[in-house]
Amino acid sequence: MPVAVGKPTFAVRRFEGVCRILEEHGYQPSRLIPILQAVQEEYRYLPTEVLTYVATALNLPPARVFGVASFYAHFALAPKGKYVIRLCDGTACHVKRSIPILDALRSRLGLSEQQKTTPDMLFTVETVSCLGACGLAPVLVINDEVHGQMTPERAVALVDAIITKEAQQ
Amino acid sequence: MSDAPLVNLTINGRLIRARAGQTVMEAATAEGIHIHSLCHHPELKPEGSCRLCLVDIEKQRTLQPACTFPVAEGLVIQTENPKITAARRFALQMIFSERSHYCMYCPRSGTAESTDCELQRLGYKYGLANWEYTPHYGKDWPVDATRKYFIMDHSRCILCRRCVRACNQIAANHTLGVGMRGARTMIVADDDVPFGQSSCVSCGTCLQVCPTGALFDRHSAYCGHDKDVVQTQAACLGCSVGCGIQAVTRDNQLLRVEGDWEAGNRGLLCSIGRFEVVEPKPPRITQPLIRREWQLVEATWDEALAHVAARLREAERVAGLASPRLPNESLAAFACFFQEVLGSNDVALLYGENPPDDLGRTATLRDVADSDCVIVIGGDPCSNQKVIGALIKRAFDNGARLIVVNDRPTELDAYACVRLELEDISHAVESPFERLRHTYHLRVSGVAQLKQAVAAAQRPVVLYGSGLSTTVYAGLRVLPDKARFVPLIEGTNTAGAARLGLRAQPVHGDALYILLGDDMVNGHVLPQRQFTVVQAAYRSALTEAADVVLPARIWAEQKGHVVNMEGRTLEVRPLLDAPNSIQSDWETILRLGGLMGSALSFDAISEMSLAV
């Protein structure tokens, strides 16, 4: 059945990345998680319309795709900042006083438990259950960069350095 | 499953035999041993999420859920002991402390004897008098009231996922799913949109399987517990599928309609059969009405019938139109009245077309759901016979191939592996020209494709609509014998009417007698006659234009039989008493026959309808 195709619009261009990812994974429903990971890499989060698009393309119910996307902490359904700070609050990091670091970061950036991303979309601060680097506790990861043996002061210094760098650009 | 080897096991000291592949729950239930459960439902695939069906199985390290544990030779199982009771109490305590189970506001709440809530019943049974764990009511669980017919209160949800499984496995609609994780887990629709804006088709299957009051019906909530109401097995008269229903009535009111698990529709109903039937209707006609000085005024039965008899006698030619929603008995009486009393054969159906029923062996509703190759020719089951549409989607989910042959786009196109035009199968006998095209691969004949598909399948089912060309039906006649057929008949009892010789066709006459029953015919404009009598249950454009209106019973007050699309005769049982002692259609017609000096007898009518 020929499908009527209109002129590519902005919306279509926006989905080009998703189409490429789906193509790479051969439109296989069983590869849903790797596809979502790749989509998140592309957009830094999983927009609702992209989830629906992925569901339709893979011939899966949208509820199933949403279920998977909302189940894993790794997937973000809301836009995240340019720098995602993941602070470990696993057992080892917690006893090595990770919470004061979290409080310091939040007060420096004006964030809270509810609001995890700064309004300028520069930082997102969240906790994770374990980063698997307990030997370096307390640990935080800024995007893919690991920083061990943190203190509140050093964490704030890291954030300040990024702010200065961003301001120069 | 039935030829699986037998295994021996012991449950509560009783030696029982079960089929390999069955679960402990199924084996126990078959032996009449009840195992408590919240998430298990016999019509759904087991999930094992509530941990209430835990049983003690020898040589197993921990207690095992009976609903998912497969039977095996030599299992020794205990379904009740102190260890199990403690585990169940623990599970119940966890469920009760998870969300806000404030029973007093819930429509399903009751005493230990009267409660309709499966959770509350277990709470009573296991003596849960207080919270052992601090209830987690910090979160405001939403109430989603965006659906027209029923409401979801997430605070009463125990995440048994029966609704999700019903939506996926029974309705094959895939709207519901599970979102988030842990204590934040929620039942979601599509990508977490309000239910009213989702792809939900309001079939209400989720509502029927919900073990708590999380999903409840707007119409029947707080109208009585299960022990206060009367449940009657009946047939839905919404369309020609004739689904099995459990009608829930109380004090001569229809509260709710539920799907009959035992019937061919296997519990599934559509929004029309489940919800529309209890929706508000136009004003009921309880007294005969006669037009006097341009106005319809109330009259007595004697007056009205005498008036009708006189005017019909005066008329040169009387024509009759009947609704195909009526049972055989009403239609037979109507046809008899025209033949015997009026000597007119100008009697027809208001609408509804019966496709030929001699294409091959007839399939049942179960055959459709269990088929591995479904061919839909013409018709639009997803709009006109919604339960059939769902059964086709269910077959598709189970791996059936779907071939759609239609000139119009339908919802099923998205599921079809082959999509043909009706013209493609209009060549039963291959013409030399067609053979030429075939030889040069210009077009593979549609009939050849259908033949191939039927031959390759184990249980092929062909559903065909009415009003197709004879060459299309001829094309279907040459399909291999394996194929089983279901006509997609328009109108509930069109098949029964056809057996009485009634079809939809134009009628002519200076007087018109319309037997409408509770049918709502919208946009039907009939030419003005000298005299029109309408026998109807509700006021409508047709009754407003009539010269005489006679009251009629609605579907739930009628007694009789209808013939569904499978060709099965279904019993129509009276669920309610008619108001103002309105007679059934055939009684009215007999009285009218008597007034017109004819010896129409009940026996003749019942003989005629029995012959159907």
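Letters go in sequence order (proteins before strands), and every chain restarts at 1. Below, all heavy atoms of this structure are taken into account, side chains as well, without hydrogens, waters or symmetry copies.
For Ala73(A), the parts lying near chain B are the backbone and the side chain together; criterion is any non-hydrogen pair under 4.5 Å. Of the atoms belonging to Thr175(B), it is backbone heavy atoms, and not side-chain ones, that fall under 4.5 Å from chain A.
For the atom pair CG (Asn59(A)) and NE2 (His174(B)), the distance works out to 9.5 Å, reported to the nearest 0.5 Å. One finds the CE atom of Met180(B) at 15.5 Å from the OH atom of Tyr72(A) (value rounded to the nearest 0.5 Å).
By the 6.0 Å contact criterion, CZ on Arg64(A) is open, its count of non-hydrogen atoms from other residues, nucleotides or ligands being 12 or less. Counting non-hydrogen atoms of other residues, nucleotides and ligands closer than 6.0 Å to NE2 of His147(A) gives a total above 12. Around NZ of Lys80(A), the count of heavy atoms belonging to other residues, nucleotides or ligands within 6.0 Å exceeds 12. Within 6.0 Å of atom OH in Tyr27(A), more than 12 heavy atoms from other residues, nucleotides or ligands are found, so the atom counts as buried in its surroundings. For Arg401(B), the CZ atom is loosely surrounded, since the number of other residues' heavy atoms within 6.0 Å does not exceed 12. The environment of Arg181(B) atom CZ is dense: over 12 non-hydrogen atoms of other residues, nucleotides or ligands sit within 6.0 angstrom.
Looking at Asp191(B) and Thr52(A), their side chains do bring a donor and an acceptor atom within 3.5 Å of each other.
Highest contact tally toward chain A, considering only Asn168(B), Asp192(B), Leu176(B), is held by Asp192(B) [criterion: heavy-atom pairs under 4.5 Å].
Between Phe66(A) and Asp190(B), the shortest heavy-atom distance links the atoms CB-O, 3.9 Å.
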